[in-house]
Amino acid sequence: MTIVEQGTGPAAATPPDLIKDTTTQTFVKDVIEESKRQPVLIDFWAPWCGPCKQLTPVIEKAVRAAKGKVKLVKMNIDEHPAIPGQMGIQSIPAVIAFVNGQPADGFMGAVPESQVTAFIDKLTAGMPAPEDDVALILNEAEAAMAAGDPATAASIYAEVLGVDATNLAALAGLARCYVSAGALEQAKQTLAMVPESKRSDAAISAVQTMLDLAEQAKAVGPVTELEQKVAANPLDHQARFDLAVALNASGKRAEAAGHLLDIVKRDRKWDDDGARKKLVQFFEAWGPDDDATVDGRKRLSTILFS
């Protein structure tokens, strides 16, 4: 399943929030398994419980303030009595912390916010700072993209955005996944989430260039037809230019660069230096460390300064 099939926009790829409800059937997945990734608090409550209603906004605020270090799962004991019965829960609200698949700590009653915060701090003491976690997660996403797996990368970027919706690296990464999958509208929606003041960020700018190039490629026609035009007339610079744009959209970066370099070599002034300018756009979209960028820059310098 591609990221396009998984949803119709950035919101569709966003994972569940830090706070969710669980059932007897989903308890193992939501609490036991999830607690092997980070601590999970399970809040046992009931609609008739006054102290539960007092605790809910307090504990939700504290969990959100922890920014991903801990998750909160809530269970209505009236609808799902089996789990609290097995755990010996006799009064509510009762909050139990699970770590590595096992109950680790807990408290009862509508305690004040300061006590909830202290409880979470104690539970997460020694854990990496949220920004360290994010850096590691983003590295996983980049590795997935490098391995040609944009669907996995998209889900990882969305996980980061579920904690920090303004993370520029994750926004740029998710938009890049959408462009790679041809989901250009979703890419636009993702980039629209970037604050105006951050649009000049290098990663955001690079993805915007990728998106622009992808949209241009939709207008130039099939690669086969363009290749036939170039074969019939090697001096048809417009056909060669369009072919380069189409090849780039197909992931054939070296070939795309080669055609633009050919135009620069034959006629530097064609279309107001258009071939060189487009090549620079390619370099920005590909990134400075991409093999096609490194090779293309060397070949361009040789042509310009020979």
Side-chain angles (χ1 to χ4, degrees), residues 1-6 8 144-151 153-154 172-191 204-306:
M1 179 180 289
T2 68
I3 57 177
V4 180
E5 295 170 327
Q6 291 176 4
T8 57
M145 278 296 289
D149 187 0
L174 183 58
R176 184 153 47 97
C177 291
Y178 281 132
V179 173
S180 298
L184 304 188
E185 287 304 314
Q186 288 94 325
K188 289 180 184 179
Q189 293 172 26
T190 303
L191 290 176
I204 298 298
S205 179
V207 179
Q208 183 62 60
T209 300
M210 285 182 65
L211 176 58
D212 293 342
L213 291 170
E215 291 193 309
Q216 292 168 21
K218 292 173 63 177
V220 299
V223 169
T224 302
E225 291 182 10
L226 294 169
E227 287 177 334
Q228 292 173 349
K229 286 184 179 181
V230 172
N233 181 9
L235 296 180
D236 186 344
H237 296 331
Q238 186 62 58
R240 190 179 292 277
F241 182 92
D242 292 344
L243 176 57
V245 172
L247 287 170
N248 174 61
S250 301
K252 299 179 179 179
R253 295 179 175 180
E255 293 181 43
H259 284 291
L260 291 178
L261 288 165
D262 187 80
I263 296 173
V264 174
K265 187 174 182 179
R266 292 172 185 265
D267 186 355
R268 168 72 187 276
K269 296 181 180 180
W270 177 80
D271 195 26
D272 192 25
D273 199 20
R276 185 194 62 81
K277 292 177 181 176
K278 182 60 65 177
L279 192 56
V280 171
Q281 266 194 314
F282 283 179
F283 295 158
E284 180 184 7
W286 300 341
D289 299 324
D290 187 271
D291 290 342
T293 298
V294 174
D295 181 66
R297 287 192 186 281
K298 289 180 180 178
R299 294 174 63 189
L300 180 61
S301 295
T302 299
I303 293 171
L304 296 180
F305 302 109
S306 59

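Donor-acceptor pairing under 3.5 Å is lacking for the side chains of Q216 and D212.
A distance-only check finds a donor-acceptor pair linking the side chain of T293 to the backbone of G287 [under 3.5 Å]. For N233 (side chain) and L235 (main-chain N/O), a donor-acceptor pair under 3.5 Å exists by modelled atom type.
In this structure, CD1 on I303 lies 14.5 Å from NZ on K298, to the nearest 0.5 angstrom. Summarising the geometry, atom CG belonging to D295 is positioned 13.0 Å from atom CZ belonging to R253; distances are rounded to the nearest 0.5 Å. Taking CZ of R240 as the reference point, atom CG of L261 lies at 11.0 Å (rounded to 0.5 Å). Considering CG of D242 and CD of E227, their distance stands at 13.0 Å, rounded to 0.5 Å. Residue R176 holds its CZ atom at 12.5 Å from OG1 of T190, rounded to the nearest 0.5 Å. Expressed to the nearest 0.5 Å, how far CD of E215 lies from CE of M210 amounts to 12.5 Å.
Listed here is the closest heavy atom pair of A246 and V223: CB-CG2, 3.7 Å. The shortest non-hydrogen separation linking V207 to A172 is CG2-O, 3.4 Å. Taking all atoms of both residues into account, the shortest heavy-atom contact from L300 to F283 is CD2-CE1, 4.3 Å. Of all heavy-atom pairs between M145 and S180, the closest is CE-OG, 3.7 Å. Contact detail for A256 and F282: the closest heavy-atom pair is CB-CE1, 3.8 Å. Across all non-hydrogen atoms, the minimal contact from K229 to A239 is CB-CB, 3.9 Å.
In this structure, W270 and H237 have perpendicular ring planes: the angle between them is above 60°, well past the 30° mark.
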side-chain contact (heavy atoms from CB on, under 4.5 Å) between E255 and L243: does it pass, once the steps are laid out?
CA-CA 9 Å; E255 293 181 43; L243 176 57; over 6 Å; no
Test log, rule side-chain contact (heavy atoms from CB on, under 4.5 Å), inputs D273 and R268:
CA-CA 6 Å; D273 199 20; R268 168 72 187 276; 2.8 Å; yes
Quick one: do L279 and V264 satisfy side-chain contact (heavy atoms from CB on, under 4.5 Å)? Show the steps, please.
CA-CA 10 Å; L279 192 56; V264 174; 5.5 Å; no
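The environment of K218 atom NZ is sparse: at most 12 non-hydrogen atoms of other residues, nucleotides or ligands sit within 6.0 angstrom.
Within the 4.5 Å cutoff, no side-chain heavy atoms of K278 are placed close to those of I263. The side-chain heavy atoms of V294 and D289, taken from C-beta on, include no pair separated by under 4.5 Å. Looking at heavy atoms from C-beta onward, Y178 lies out of side-chain contact with L184 at the 4.5 angstrom threshold.
Between K277 and D271 there is no salt bridge, since no side-chain N of the basic residue sits under 4.0 Å from a carboxylate O of the acidic one.
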